[in-house]
There are 2 protein chains.
Amino acid sequence: MAVYTDVSPEALASFLSLYDVGRPTSFCGIAEGVENSNYLLRTERDGQAADYILTLYERRMDPAELPWFLGLMHHLARAGLRCPEPVAGADGALFHMLNGRQAALTTFLTGLSTREVDAAQCEAVGAAMARLHLMGASYASVRANTLGPAAWAPLLQAGSNGADKLEPGLVEEVSAAIADVTAQWPRTDSLPRGQIHADLFPDNVFFVGKTLSGIIDFYFACTDFFAYDLAIAINAWCFPDEATLDPRLSAAMLDGYCSVRPLEGAERDALRPLCQGAAIRFLLTRLYDWVHTPEDALVTRKDPLPYLARLRCHRAFSEPCPYG
Amino acid sequence: MAVYTDVSPEALASFLSLYDVGRPTSFCGIAEGVENSNYLLRTERDGQAADYILTLYERRMDPAELPWFLGLMHHLARAGLRCPEPVAGADGALFHMLNGRQAALTTFLTGLSTREVDAAQCEAVGAAMARLHLMGASYASVRANTLGPAAWAPLLQAGSNGADKLEPGLVEEVSAAIADVTAQWPRTDSLPRGQIHADLFPDNVFFVGKTLSGIIDFYFACTDFFAYDLAIAINAWCFPDEATLDPRLSAAMLDGYCSVRPLEGAERDALRPLCQGAAIRFLLTRLYDWVHTPEDALVTRKDPLPYLARLRCHRAFSEPCPYG
């Protein structure tokens, strides 16, 4: 929750001279997002006001990857998904440099993210995710999932210093789960694949009243199993107490998804290992940040243990698809 | 630059039920302001969108003082000054509790604050300040300036631990200046007084293009000499190199002020001690924060020494009003 890079009105004016968006009438840093600096910008052109988000990409963004993310967002927005649409400069480029960083202007989405998840929201999220998957099919470029099974053992190793202090036996338990889940992981050609959001947490979904109004933050998007995106979202949305699956919520999410893109039997059967894998992925990145972020740092560290609880919950199930 | 208090959509909805502003369609924390938590809120009512700032008052605000500040802003906005107007709840109150803090909704002002000050901006600021002074006359309630001359010696004492490390001899030099300036300070009944902003820095003034579009942040406002408000603004706006007065800028500010409310001769004659006092006041509060804020704290500490430079500059003048 911070703005890392300060932008003066003069630097802003110079940046905006590359775009055809009118003159700025309001500009303030917003305290959302952990990775990048975000500003809310209002402009006026021909008496019309328009709102944008200006994002400066900070150190965690690989500069070579930004065109893929912005290209996907542009593609999805043009296809009709409610997501931020990158605005092209007069030169056609979707980003330009600002204060030494890559920076992009995107359209502003209305809506608020929810904290008290209900079944109707889960259904709406499932349906929106399925639309995203279908619309992504015509975005041909591939981005490998850099946080997939091959990344887990090295991530655990990098976070192991301090892991057992957090929870005695953590390293051994997660090592065993990694071996087990990796062995059950679907073969690349065995399940439908395509562009997935891969971080569809409640923070990244906006609602106005009961209506889903937008999906944001595509900076973990990648090319992977569609059902893995569902697994990530089941973990993020369907554990009201952080440890126990609420099957009404996950069933609503699957219903919403299937109303747009019916799941194949093999996808349903793979959900249990995929949910375990999704729990491992967030457990490990949170563990890494927990161990490597000073306790008094500006960024709030997220507790890894609720993802250990989810992992245990999925592993305790006996049927292949207890999710709905 | 932070949001100290998190507000969930549910807590927001409960707070907004006390107001008649419609339903929220957007809500994000903004990274402006050092003292309080601020959110930008958009609502919709009868198909009309409206923007507000929601402020939660944090620990530095004396709860007993908030009604005075909000009352002044309400009074000035109603009189036609472009400043945030507190919105009353259905019960008529200008603030309500939210997450254990006093919180107020105010109207949103367009505009950007400037970093590269020019004479036209100084003239506009002077004129707006004079309007504020005239409009404040009908706000009868008095708030003493708690950072006036009586506060300086105790503040210096509280910041003296570490002051000489910042600048050898600082305590002795500032002590002498305090004695000198206090002795020259105008008697309460000798100069025109009323409600002053008392913190009219470039951060707190918005422009759209060349036009002044708003004045914000009234939480240091108090009842004191009008000319002292000018002295604070001369220090804040007219020292482009942080140490040397640019008399073109200060003359433009005085011209703008006098175009609305002509200065009396006694006010001009008092400007030199008032400017020294204003420099002492900001030097001391910055020194206090410098000494009492950990180096790695979330809040950026402001360097006190540029205010020592301004103090020296004013003390070196020989005429009573070298400002314009």
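The chains referred to below are lettered A, B, ... by the order of the sequence lines, with proteins before strands, and numbering in each begins at 1.
In A:Y288, the OH atom is not crowded: 12 or fewer heavy atoms of neighbouring residues, nucleotides or ligands sit closer than 6.0 Å. Within a 6.0 Å sphere centred on CG of B:D303, other residues, nucleotides and ligands contribute more than 12 heavy atoms. Summarising the local packing, CG of B:N99 is surrounded by more than 12 heavy atoms from other residues, nucleotides or ligands at distances under 6.0 Å. The neighbour count for A:R286 CZ, taken as heavy atoms of other residues, nucleotides or ligands under 6.0 Å away, is above 12. Within 6.0 Å of CZ on B:F69 lie more than 12 heavy atoms contributed by other residues, nucleotides or ligands.
Heavy-atom pairs under 4.5 Å with chain B peak, among A:T25, A:L40, A:V208, at A:T25. By number of non-hydrogen pairs under 4.5 angstrom with chain A, the leading residue of B:P24, B:C28, B:G29 is B:G29. Here B:L112 is the residue among B:T110, B:T114, B:L112 with the most heavy-atom pairs under 4.5 Å with chain A.
Minimum heavy-atom separation, A:R42 to B:D51: NH2-OD2, 2.5 Å. Closest heavy-atom contact between B:P9 and A:S113: CG-O, 2.8 Å. Residues A:V7 and B:R115 come closest through the heavy atom pair O-NH2, 3.7 Å.
Side-chain contact between B:F206 and A:S26 is absent, with no heavy-atom pair separated by less than 4.5 Å.
Looking at A:F207, neither its backbone nor its side chain comes within 4.5 Å of chain B, counting heavy atoms on both sides. If you measure heavy-atom distances from A:E116 to chain B, the contacts under 4.5 Å come from both the backbone and the side chain.
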